[in-house]
Protein chains: 2
Amino acid sequence: MFFQAIVFKGGAALARLAGSNGKATAKAIHKHSLELIARHGFAAVSMRMIADAVGVQPGALYQYHPTKQALLLDIMQKHLEALLKAWAKEKESETELPAIEALERFARFHIRYNIKRPDEVFIAYMELRSLEPEEFKLIEELRRQYEDELKTIIANGIKENSFKVEDAHVTAMATLAMLTGINTWYRTGGRLSQKKIEDIYVNMVLRSVGCAKD
Amino acid sequence: MFFQAIVFKGGAALARLAGSNGKATAKAIHKHSLELIARHGFAAVSMRMIADAVGVQPGALYQYHPTKQALLLDIMQKHLEALLKAWAKEKESETELPAIEALERFARFHIRYNIKRPDEVFIAYMELRSLEPEEFKLIEELRRQYEDELKTIIANGIKENSFKVEDAHVTAMATLAMLTGINTWYRTGGRLSQKKIEDIYVNMVLRSVGCAKD
DNA sequence: TAATTAAATGAACGTACATTCAATTAATTG
DNA sequence: CAATTAATTGAATGTACGTTCATTTAATTA
């Protein structure tokens, strides 16, 4: 007993001496698993890899999430809820905008938000298949809520005769795919400024619904 | 020896009796791994799962691909090469089309081709990260070739003054993202016919480059 | 400070993984 | 049909996986 207590120093303390953090805060786990899962995919990331990145033993992770899957669900859910909340806040400034301006505002919001959180966006789209049916339903519902925001804007534009569009749902899906696709090629410090890219996309979106800006 | 030969019947024969195929043709392996990888992701699919689907023992797969990764590379490479070949054939009918018509032709081709091969498209996009750097370069080069086809069409449209577009590259990326995104929501037998969907998207694409059709 | 609760460790469990290989079976060829 | 080559099996190898847990360490509370 006595000897053991002296000889086997606490692993966290040793890890800290070796440069690791050794503090498995929920925030640190979230941050590191986000990066690892975005880079390698959920199935290719092990709890050991996450633990290493956090600077902790694998077992410590189970203080925060009961399973590996629960960790993934947490990442996706937090992302989508934050996205919805951010959009709700954006909306509340001016509630009754004409459809054209509402669409532009949505497009700019979506681009900015997604460019700032490429890992979350990628995971929320790519790892749906790693969820259990029940978890999947939960995430799909949040995603649907967000898509509905755009669908409503487009439907309003049709009603107002601002947009010449055949189908609000298909148009919303096409628009979202286009906007979200920025993440596949955009890198900070590239040829074009973020503002410039934003303008190009907004222009394309507005034109594609039949209301050219220029 | 003698007894063994009688008692332990060839596994392939037994599998065949049990309803499985037991013939690991390259085609069968390709087909089943395509489906499995598209559904579960490369990292989540084991050689055992593929072997089961084909109706064969895992070891038999190694007659056709030296590693699991080589199998993935084969799927992606075959897909992109077939895509490029199909587009080359589509082009050869009428070589010097006006940019507007060339863009419409490309859009329709892309939609049709991708809707017919959702698994290949999904894998070629999603599993890039599962490749080694050298393999990645190979696939990226094929993808770049395809993207360049659209970029050239758009650049020609700018030269001809048919398109009002700020940046050929960004416009090409945005257009491809929009078109490819159909696969995320399209299901055969849905509310809209394939022709209708095609028309809606072509309309949006043409409008987005500043040349409305109607 | 003492008692209590929370967090982290290190080692282990059983399972599944990609891959290999000698032996067997099937297919091809002369 | 005999000889040869190719394909497949079944079993094994070593590794890594998610998760558990008694024990130790740290943090909180009284």
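Below, chains carry the letters A, B, ... as their sequence lines are ordered, and counting in each starts from 1. What's counted below: heavy atoms across the whole structure, side chains too, no hydrogens, waters or symmetry copies. Computed from a prediction, not measured in an experiment: that's the story for all the values here.
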| said: Can you build the contact string for nucleotides 12-18 of chain C? Use B for base contact, S for sugar-phosphate-only contact, and - for no protein heavy atom under 4.0 Å. | reply: B----BB

| task | Work out which heavy atom in B:R105 is nearest to a heavy atom in B:K91; give both atom names and the distance. | result | NH1-O, 3.7 Å

| message | Can you tell me how the ring of B:H169 sits relative to the ring of A:W185, calling it parallel under 30°, perpendicular over 60° and tilted otherwise? | response | perpendicular

| Under-4.0 Å salt bridge between B:K31 and B:E35 | no

| request: Rounded to the nearest angstrom, tell me the gap between atom NE2 in B:H65 and atom C1' in D:dT8. | output: 17 Å

| message | Let's see if you can work this out: which of D:dA7, D:dT19, C:dG10 has an atom nearest to the side-chain heavy atoms of A:P58? | response | D:dT19

| query | Is the A:H110 to A:Y146 ring centre distance short of 6.0 Å? | reply | yes

| In whole angstrom, what separates B:L61's CG from D:dT8's P? | 9 Å

| message | Is there a side-chain contact between B:Y64 and the phosphate of D:dT8, meaning an N or O under 4.0 Å from OP1 or OP2? | response | yes

| said: If I take atom CD in residue B:Q63 and atom P in nucleotide C:dT19, what distance separates them, rounded to the nearest angstrom? | reply: 15 Å

| Under-4.0 Å salt bridge between A:K196 and B:D167 | no

| query | Between B:F106 and B:Y113, is the gap from one ring center to the other below 6.0 Å? | reply | no

| query | Which residue lies toward the 5' end of DNA chain D, A:A60 or B:G59, if each is placed at its nearest nucleotide? | reply | B:G59

| query | Is there a side-chain polar atom (N or O) of B:Q57 under 4.0 Å from OP1 or OP2 of D:dG10? | reply | yes

| field | Between P of D:dT9 and CG of B:D52, the distance in whole Å | value | 11 Å

